[in-house]
Amino acid sequence: MKEQKIIFRVSLAVAAITLIVGVIGEWRIDKVLCLYVPFLSGHRTFCIDFCMGIFAGAVFSVAISLISYFTKKQEITFQYWTQLAGHIQSLNLFGSRYFKDGSTTDSCIKKIIESEEVMSDIFVLESSYTELARLRKEISLFRQNSKLKKQVAKTFELAGAVNIDLTHLIYVHIAPNMNIKIQRKYVNQYNLDNSNVSQFSESVKELQETLGIEVKVPDIESEMKQW
């Protein structure tokens, strides 16, 4: 998206300059202002036509870059949300595996320490976060204070906070002799009701609503009643 913005700005500048030069030549403003413009002398018509040709091409480039920019913006923003949604599902799966309902903090610590898959599970989530970072870098919006830009920034900030929480869980796994208070702190900060994970999930929902994306979720409870 950055490329489209650069093309737009350069083309706009070229269009403005050539239009000004063309107007000066056509209306003979240079003579009115007693200016001496060497390249217009004796070749005024050719210079005007030349400038107008460049002007037309620059205007065309401006239009194409704008269309390309907004198309790319919509595509990248949707890809970003899709990656966010997949990241949330992976986090929920991770949580259901190591933080089952009714489990105590100490039992979760034991599960994390004894698990042979926790490291690979966390690395998968960190790889997903890396892809989020790549998509986030490509997103660029014209309005600096737009609601969408703020929500995109918020979701990425919370995703980073969750990534740090996951790193703390790695410490719990690789250092089983760590102080129990620190272990409980690291485990609880990931699993609390107002944890970064839960805030991240809510932020992604807000972004989804802003983008107008509708995702139908089956009502399993109602379907089971019909059975």
Side-chain angles (χ1 to χ4, degrees), residues 77-137 139 148 150-211 213-227:
T77 306
F78 182 75
Q79 287 180 7
Y80 179 72
W81 175 83
T82 303
Q83 184 68 24
L84 284 171
H87 197 60
I88 288 292
Q89 290 181 348
S90 298
L91 287 170
N92 290 338
L93 182 61
F94 179 84
S96 65
R97 181 175 297 177
Y98 298 100
F99 300 90
K100 293 183 179 180
D101 290 339
S103 299
T104 63
T105 300
D106 289 346
S107 64
C108 290
I109 292 173
K110 183 179 179 182
K111 176 74 173 176
I112 292 170
I113 292 175
E114 295 178 351
S115 175
E116 296 181 356
E117 294 85 21
V118 66
M119 291 285 286
S120 60
D121 290 341
I122 291 177
F123 286 152
V124 169
L125 288 168
E126 289 182 339
S127 297
S128 176
Y129 173 72
T130 302
E131 178 62 13
L132 274 176
R134 185 190 69 80
L135 292 171
R136 171 68 183 90
K137 187 176 181 180
I139 293 177
L148 179 57
K150 289 179 180 178
Q151 288 187 327
V152 167
K154 181 181 178 181
T155 55
F156 186 68
E157 181 180 348
L158 288 170
V162 171
N163 206 50
I164 293 173
D165 291 344
L166 289 168
T167 302
H168 289 160
L169 295 182
I170 292 179
Y171 296 159
V172 173
H173 175 73
I174 64 178
N177 296 324
M178 181 189 296
N179 185 292
I180 186 65
K181 290 184 179 179
I182 298 178
Q183 287 180 332
R184 288 171 178 167
K185 174 186 174 182
Y186 286 165
V187 169
N188 285 332
Q189 74 183 10
Y190 185 89
N191 198 38
L192 291 173
D193 291 338
N194 195 34
S195 65
N196 289 320
V197 175
S198 61
Q199 292 183 57
F200 176 51
S201 180
E202 289 300 317
S203 180
V204 173
K205 289 180 182 178
E206 292 176 5
L207 179 61
Q208 176 184 330
E209 292 174 358
T210 301
L211 294 174
I213 300 173
E214 295 185 8
V215 179
K216 293 184 178 180
V217 179
D219 190 345
I220 299 176
E221 186 176 338
S222 299
E223 291 181 2
M224 290 184 68
K225 289 180 180 179
Q226 295 178 1
W227 294 351

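Only heavy atoms go into these numbers, but all of them, side chains included; no hydrogens, no water, no symmetry mates.
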Peer 1: Indicate yes or no: does Glu117 engage Arg97 in a salt bridge with an N to O separation below 4.0 Å.
Peer 2: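 Looking at Arg97 together with Glu117, the answer is no, because their closest N to O distance does not fall below 4.0 Å.
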Peer 1: If I take atom CD from residue Gln199 and atom NZ from residue Lys154, how far apart are they, to the nearest 0.5 angstrom?
Peer 2: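 Here the rounded value is 7.5 Å.
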Peer 1: Suppose we screen for salt bridge (Lys or Arg N to Asp or Glu O under 4.0 Å). Which residues come up paired with Glu209, at least two apart in sequence or across chains?
Peer 2: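 Residues passing salt bridge (Lys or Arg N to Asp or Glu O under 4.0 Å) with Glu209: none at all.
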Peer 1: Tell me, do Leu169 and Asp165 make a side-chain contact under 4.5 Å, heavy atoms counted?
Peer 2: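 No, every pair of side-chain atoms sits at 4.5 Å or beyond.
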Peer 1: Can you tell me how far the CD atom of Gln189 sits from the CG atom of Asn196, to the nearest 0.5 Å?
Peer 2: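 Nearest 0.5 Å value for the CD-CG distance: 7.5 Å.
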Peer 1: Decide yes or no for Tyr186 and Thr167: does some side-chain heavy atom of the first lie under 4.5 Å from some side-chain heavy atom of the second?
Peer 2: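 A side-chain contact is absent here, since even the closest heavy-atom pair is not under 4.5 Å.
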Peer 1: I want to check something: taking the side chain as every heavy atom from C-beta on, are Phe78 and Ile213 in contact at a cut-off of under 4.5 Å?
Peer 2: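 Side-chain contact under 4.5 Å: yes.
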Peer 1: State the CE-CG distance between Met119 and Asp121, to the nearest 0.5 angstrom.
Peer 2: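 These two atoms lie 11.0 Å from each other.
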Peer 1: First locate atom CD of Gln208, then atom CH2 of Trp81, and finally report the distance between them rounded to the nearest 0.5 Å.
Peer 2: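 The distance works out to 5.0 Å.
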Peer 1: In a check of side chain to side chain contact (heavy atoms under 4.5 Å, CB included) between Leu125 and each of Leu93, Leu91, Asn163, which one passes?
Peer 2: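 Per the side chain to side chain contact (heavy atoms under 4.5 Å, CB included) rule, the option paired with Leu125 is Leu91, out of Leu93, Leu91, Asn163.
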Peer 1: Less than 4.5 Å apart, side chain to side chain, heavy atoms only: is that true for Ile109 and Thr104?
Peer 2: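 Result no, sub-4.5 Å side-chain heavy-atom pair not found.
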Peer 1: Just to verify, what does Glu131 make a salt bridge (Lys or Arg N to Asp or Glu O under 4.0 Å) with, not counting sequence neighbours?
Peer 2: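 With sequence neighbours excluded, Glu131 shows a salt bridge (Lys or Arg N to Asp or Glu O under 4.0 Å) to Arg134, given in chain and number order.
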Peer 1: Quick one: does Asn191's side chain have a donor or acceptor within less than 3.5 Å of a partner on Val187's backbone?
Peer 2: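 Checked: no pair found.
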Peer 1: Any non-hydrogen side-chain atom of His173 less than 4.5 Å from a side-chain atom of Ile122?
Peer 2: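 The answer is no, as the side chains (C-beta and beyond) never meet within the 4.5 Å cut-off.
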Peer 1: How far does CD1 of Ile174 sit from CD1 of Ile170, to the nearest 0.5 angstrom?
Peer 2: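 Reported value, rounded in 0.5 Å steps: 7.0 Å.
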Peer 1: State the OG-CZ distance between Ser128 and Phe123, to the nearest 0.5 angstrom.
Peer 2: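 If we round to the nearest 0.5 Å, Ser128:OG and Phe123:CZ are 15.0 Å apart.
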Peer 1: Report the relative orientation of the aromatic rings in Tyr190 and Phe94; use parallel for angles under 30°, tilted for 30 to 60°, perpendicular for over 60°.
Peer 2: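 Plane angle over 60°, so perpendicular.
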Peer 1: Taking C-beta and beyond as the side chain, do Lys205 and Glu202 meet within less than 4.5 Å on heavy atoms?
Peer 2: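 In short, these two side chains touch, coming nearer than 4.5 Å.
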